Amino acid sequence: MYYQSLNIAEGQQGDAVLLTLSGHLTMGDSSGGLKTHLEGVVPAKGNNIIINLAELTYVDSYGVGELVACLTTIKKSGGALRLVNPTEFVREVLHTTRLDTLFTICDTDEEAAASIARQDQADAGEQGAR
Amino acid sequence: MSSWKFSGSDPSEQLVQLHHFAIVKRQPDGDVEFVITIREHATPQKRGMHFYAEADKQTNQNTAPFTPCGWGSSLEAALEQCIIAIRRFPYEGAADGK
């Protein structure tokens, strides 16, 4: 297996920021790190984040930790994070590490945005009821 | 290759050799010992997961509970990755108070 650096493409899906990852999410990553990138996005563009994993071909345990660190940052800011369409290998890793129970994993970007919108509505309803 | 891997088991039986380690996580509110179990697979089921290490406790429990883990093609690689994962997030105590 040869090393591929991580590439992060930024876009918008509904009201959420869409980060599309490609390459490898590993400790040797020279892109500066997913969490560091996310920490730049949240203050500027909001804390509802979709991470599309369809082109992420390899993740090591450090990369798994990066995903958990992103979820931690988002949760602490009161936002929502969705993972979308992981490759078979990444899906197996999430299952083996039992992180598939921690993350909400959607099939498409549109489904992820709708899921976040539903969570926002539910949160707003809870606040209105208080 | 180690001789135990030729023990005649069927790959679907997922024979593994277990290796155990322990490390103390130093924290301001007290040290916590993590026991790491590494599973050495006779027939790896997943790419790059010949050795799979996992800690006996979670970290980051208050926000996004995470069980430190690591994997690789050698015992040392899996152990190193798991230790890095143990250091990464704070241990915030078990729900049962352990």
Side-chain angles (χ1 to χ4, degrees), chain A residues 1-4 23-29 33-36 38-39 42 47 49 51 56-83 86-105 119, chain B residues 11-12 14 16 18-19 21 23 25 27 34 36-41 43-95:
Chain A
M1 185 187 69
Y2 62 93
Y3 171 75
Q4 291 180 324
H24 295 177
L25 181 56
T26 63
M27 187 157 65
D29 169 42
L34 175 61
K35 179 173 176 275
T36 303
L38 187 97
E39 286 172 343
V42 168
N47 55 9
I49 306 290
I51 300 181
L56 189 75
T57 52
Y58 186 77
V59 60
D60 68 3
S61 51
Y62 183 85
V64 162
E66 280 285 281
L67 293 174
V68 174
C70 289
L71 181 61
T72 302
T73 299
I74 294 296
K75 277 192 165 184
K76 284 183 174 173
S77 72
L81 175 67
R82 299 289 184 269
L83 302 182
T87 55
E88 186 179 345
F89 175 76
V90 174
R91 197 177 286 272
E92 280 187 358
V93 166
L94 292 172
H95 179 69
T96 301
T97 56
R98 295 187 291 282
L99 291 175
D100 54 353
T101 62
L102 182 63
F103 289 96
T104 302
I105 301 172
Q119 181 179 327
Chain B
S12 67
Q14 301 180 37
V16 299
L18 301 179
H19 306 266
F21 299 86
I23 189 168
K25 181 176 175 61
Q27 297 197 146
F34 282 72
I36 299 168
T37 300
I38 302 182
R39 301 167 71 88
E40 179 182 358
H41 294 263
T43 309
Q45 306 289 309
K46 300 180 182 71
R47 178 164 56 120
M49 288 191 169
H50 192 120
F51 293 84
Y52 183 81
E54 191 171 84
D56 67 331
K57 296 177 182 68
Q58 290 190 317
T59 56
N60 205 37
Q61 294 99 319
N62 291 343
T63 314
F66 174 58
T67 304
C69 58
W71 58 88
S73 56
S74 70
L75 182 82
E76 293 78 13
L79 179 61
E80 181 186 14
Q81 291 283 315
C82 191
I83 290 172
I84 290 170
I86 287 170
R87 290 178 180 147
R88 184 158 195 175
F89 300 103
Y91 177 78
E92 296 171 324

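Computation of the quantities below employed the complete heavy-atom set of this structure, encompassing side-chain atoms and omitting hydrogens, waters and symmetry-equivalent molecules. Remember, predicted model here, so these are calculated numbers, not experimental data. A note on names: the letters A, B, ... follow the listed sequences, proteins ahead of strands, and every chain is numbered from 1.
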Participant: Is there a side-chain contact (heavy atoms from CB on, under 4.5 Å) between A:Glu92 and B:Met49? Walk through the geometry before answering.
Facilitator: CA-CA 11 Å; A:Glu92 280 187 358; B:Met49 288 191 169; over 6 Å; no

Participant: Please name the pair of heavy atoms, one in B:Cys69 and one in A:Thr97, separated by the smallest distance, quoted to 0.1 Å.
Facilitator: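 That would be SG-CG2, 3.5 Å.
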
Participant: Looking only at heavy atoms, which two atoms of A:Gly65 and B:Arg88 are closest? And how far apart?
Facilitator: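 Closest approach of A:Gly65 to B:Arg88, heavy atoms only: C-NH1, 3.4 Å.
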
Participant: Measure distances from B:Pro65 to the heavy atoms of chain A and classify the residue's part below 4.5 Å as side chain, backbone, both or neither.
Facilitator: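 B:Pro65 touches chain A through backbone and side-chain heavy atoms alike.
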
Participant: Under 4.5 Å heavy-atom distance to chain B, tell me which part of A:Phe89 shows up: side chain, backbone, both or neither.
Facilitator: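 Only the side chain of A:Phe89 comes within 4.5 Å of chain B.
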
Participant: Short question: side chain of A:Arg98, backbone of B:Phe66 - any donor-acceptor pair under 3.5 Å?
Facilitator: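 Between the backbone of B:Phe66 and the side chain of A:Arg98 there is no qualifying donor-acceptor contact (under 3.5 Å).
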
Participant: Between B:Trp71 and A:Val93, what is the shortest heavy-atom contact and its length?
Facilitator: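 Distance-wise, the nearest heavy atoms are CH2-CG1, 3.5 Å.
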
Participant: For B:Glu54 and A:Thr96, work out which heavy atoms get closest and say how close.
Facilitator: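 In terms of heavy atoms, the two residues are closest at OE2-O, 4.4 Å.
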
Participant: Are more than 12 heavy atoms from other residues, nucleotides or ligands located less than 6.0 Å from atom CZ of B:Arg39?
Facilitator: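 Counting neighbours around CZ of B:Arg39, 12 or fewer heavy atoms of other residues, nucleotides or ligands fall under 6.0 Å, so no.
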
Participant: Would you compute the distance between atom CG of A:Leu102 and atom CG of B:Asn60 and round it to the nearest 0.5 angstrom?
Facilitator: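 That separation rounds to 8.5 Å.
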
Participant: Measuring from A:Leu99:CG to B:Thr67:OG1, what's the distance to the nearest 0.5 Å?
Facilitator: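 Rounded to the nearest 0.5 Å, the CG-OG1 separation comes to 7.5 Å.
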
Participant: Locate the shortest heavy-atom distance separating A:Thr72 from B:Ala64; write the atom from each residue and the value.
Facilitator: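 Heavy atoms only, the tightest pair is OG1-CB, 3.8 Å.
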
